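Heads up, the thing below is written out as structure tokens.
Being a predicted model, the structure only gives us computed values, none of them experimental.
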Amino acid sequence: MKRAFLPICLAALALQTTAFARLSVVTLPGRDSVQLTIYNSADLTLVRETRYLTFRKGLNKLEFSWANTLIDPTSVEFRALTHADKVEVLDVSFPPRVTNTLEWRINSEVAGEVQVEIRYFTSGISWSADYVAEASRDEKRMDLAGAVRVNNNSGEDYDNAEIRLVVGVIKLVQDIADLARQGRPESQNMPTTLALDEMESKDGAARAFGGMAKAAQMASERPREIIKENLSEYFLYTVEGRDTIPNGWSKRLPSFQASDLPVASYYKFEREQWGDQVVRFYRFKNDKENKLGNEPLPDGDVKAFRFVTADKLYSFVGRTAVKYIPIGEQVEMQLGNDQEVLCKPTLMNWEKTDIHFDNNGAVTGWTIKEAWQVEAQNSKDIDITLDVRRNFSGDWSLATDTKYEKVDASKVKFILPLKSREQQKLAYEVTTKYGTNATR
């Protein structure tokens, strides 16, 4: 159902009328344009809308209402875009017995049409990223496609809006949704929309995004794009063209597509973390060498597939969530258990030695020796790499003929290349000293 635009009304103030009297109002046309800048690190959107208002020469009144929306009333600002030197905001008031409404008293030296901009923060509009990964049959190359999903639960429709998405963390004095629900603000000493203007213009990186009308005309001729710009610690995604996002709706927009990326498929076993399961990972790097690296990748959900036949029959591998990925950072996508790869550690022998006693016959120190065998099996039709991790505690030492790497003070890993249908066994002995036997 089509919602009415946000009520904004204009009325002339006759000179003989009491300054704060409520006068008859005239309903204005809808927005001429609207721009949404959505921050994904907080429930915050900067709205910029333009309208054409007809002023009388002299004193005018402009009324702004945010009923049934999540607009922050402390952030609402007004400025004239045309005849800016002849249109002046005298003051802002909040009429008695009228909730969710503010009034500007505006003096105009011109009579006629003026283009104005109204800016404010709102909550309830969010965006999220999602990705589709398609690995080759041997899991050495991958296609990766990204998209963004915009959700509008702000209480307001935004028609024909230019959408900009910001990756980066901002700090808020107070939650915008809380401000909106409070209704009339007690104070105007809150951060204004100028704060985000400064963020977007930092280091001179932000600039006008021209050509949007042309982009909209070309939308039917080619796939739409999302334009990315680096704003120091922030990154700005500008969706090409314009979109209508009614309240309660969400819309999915394509972001990027990269083909033939190098990817490493590998498998991990760590009983303390995943039990007896072997977990599959895809690993790649967000840099130019790996055909990415043009922008950071926002946190989001990933669905991974693998082509299993020459004619590209799909097989679903798994799904996971990834955190924000800066340029140059390595990505590990955990894709869940793979039942075609098995790892089974077995305790083969256990021995307690070097027992020491105090003068009262109590045990003060001892040493435990354990002999383990780990059986690894690859039942897949491709070669894989299996990362087997074992955890120890106390004063321990390891003896084995298999090469291993010490991860930290309590963990080692064995890297086992396994060919298709291959089975391997590794053996090790761990010696742990306790009590007075321990030296660390």
Is the closest side-chain heavy-atom distance between [X] and [Y] below 4.5 Å?
X	Y	answer
Gln35	Ile163	no
Phe305	Ser315	no
Val374	Pro345	yes

N/O donor-acceptor pair under 3.5 Å between [X] side chain and [Y] backbone:
X	Y	result
Asp72	Val76	no
Ser75	Phe121	yes
Asp143	Ser259	no
Glu405	Ile415	no
Thr402	Thr400	no
Asp301	Asp130	no
Asn152	Trp249	no

Quick one: salt bridge (Lys or Arg N to Asp or Glu O under 4.0 Å) partners of [X], sequence neighbours excluded?
X	result
Glu340	Lys380
Asp32	none
Arg306	Asp381
Arg271	Asp276

Could you pull out all residues at least two apart from [X] that satisfy side-chain contact (heavy atoms from CB on, under 4.5 Å)?
X	answer
Asn160	Arg242
Lys411	Glu270, Arg389, Asn391, Val407, Asp408
Phe307	Glu134, Lys312, Tyr314
Pro262	Arg141, Asn290

With sequence neighbours excluded, what pairs up with Phe414 under the ring-ring contact (aromatic ring centres under 6.0 Å, His included) test?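 Per chain and number, Phe414 pairs via ring-ring contact (aromatic ring centres under 6.0 Å, His included) with Tyr404, Tyr428.
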ring-ring contact (aromatic ring centres under 6.0 Å, His included) with Phe78: which residues, sequence neighbours excluded?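 For Phe78 the ring-ring contact (aromatic ring centres under 6.0 Å, His included) partners, ignoring immediate neighbours, are Trp104.
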Heavy-atom count check: over 12 atoms from other residues, nucleotides or ligands less than 6.0 Å from Lys268 NZ?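 Atom NZ in Lys268 is packed in, count exceeds 12.
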Answer yes if the side chains of [X] and [Y] hold a donor-acceptor pair under 3.5 Å, and no otherwise.
X	Y	result
Ser410	Ser393	no
Trp66	Asn100	yes
Gln377	Ser379	yes

What closest approach, in Å, do Phe256 and Leu144 show between heavy atoms, and which atom pair accounts for it?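 Heavy atoms of Phe256 and Leu144 come nearest at CE1-O, 3.7 Å.
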Heavy atoms only: give me the nearest Asp43-Gly124 pair and the separation to one decimal.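 Here Asp43 and Gly124 meet closest at OD1-N, 2.8 Å.
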Would you check, one step at a time, whether the test side-chain contact (heavy atoms from CB on, under 4.5 Å) holds for Leu46 with Tyr120? CA-CA 6 Å; Leu46 173 62; Tyr120 50 86; over 6 Å; no
Return a table of donor-acceptor pairs under 3.5 angstrom between the side chains of residues 108-116 and protein atoms on other chains or two or more places apart.
unit_1, atom_1, unit_2, atom_2, d
Ser108, OG, Val110, N, 3.2
Ser108, OG, Val110, O, 2.6

Show your working on side-chain hydrogen bond (donor to acceptor under 3.5 Å, both in side chains) between Glu139 and Tyr282 and close with a plain yes or no. CA-CA 8 Å; Glu139 295 186 318; Tyr282 282 169; 2.8 Å; yes
Are [X] and [Y] close enough for a salt bridge, meaning some N to O gap below 4.0 Å?
X	Y	value
Asp159	Arg31	no
Asp91	Arg105	yes
Glu63	Lys61	no

Can you confirm if the NZ or CZ of Arg149 lies within 45° of the ring axis of Trp127 and under 6.0 Å from the centre of its six-membered ring?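 Not flagged: Arg149 not positioned over aromatic ring of Trp127.
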List, one per line, each side-chain donor-acceptor pair under 3.5 Å for residues 326-337, sequence neighbours excluded.
unit_1, atom_1, unit_2, atom_2, d
Glu332, OE1, Tyr266, OH, 3.3
Glu332, OE2, Tyr266, OH, 2.6

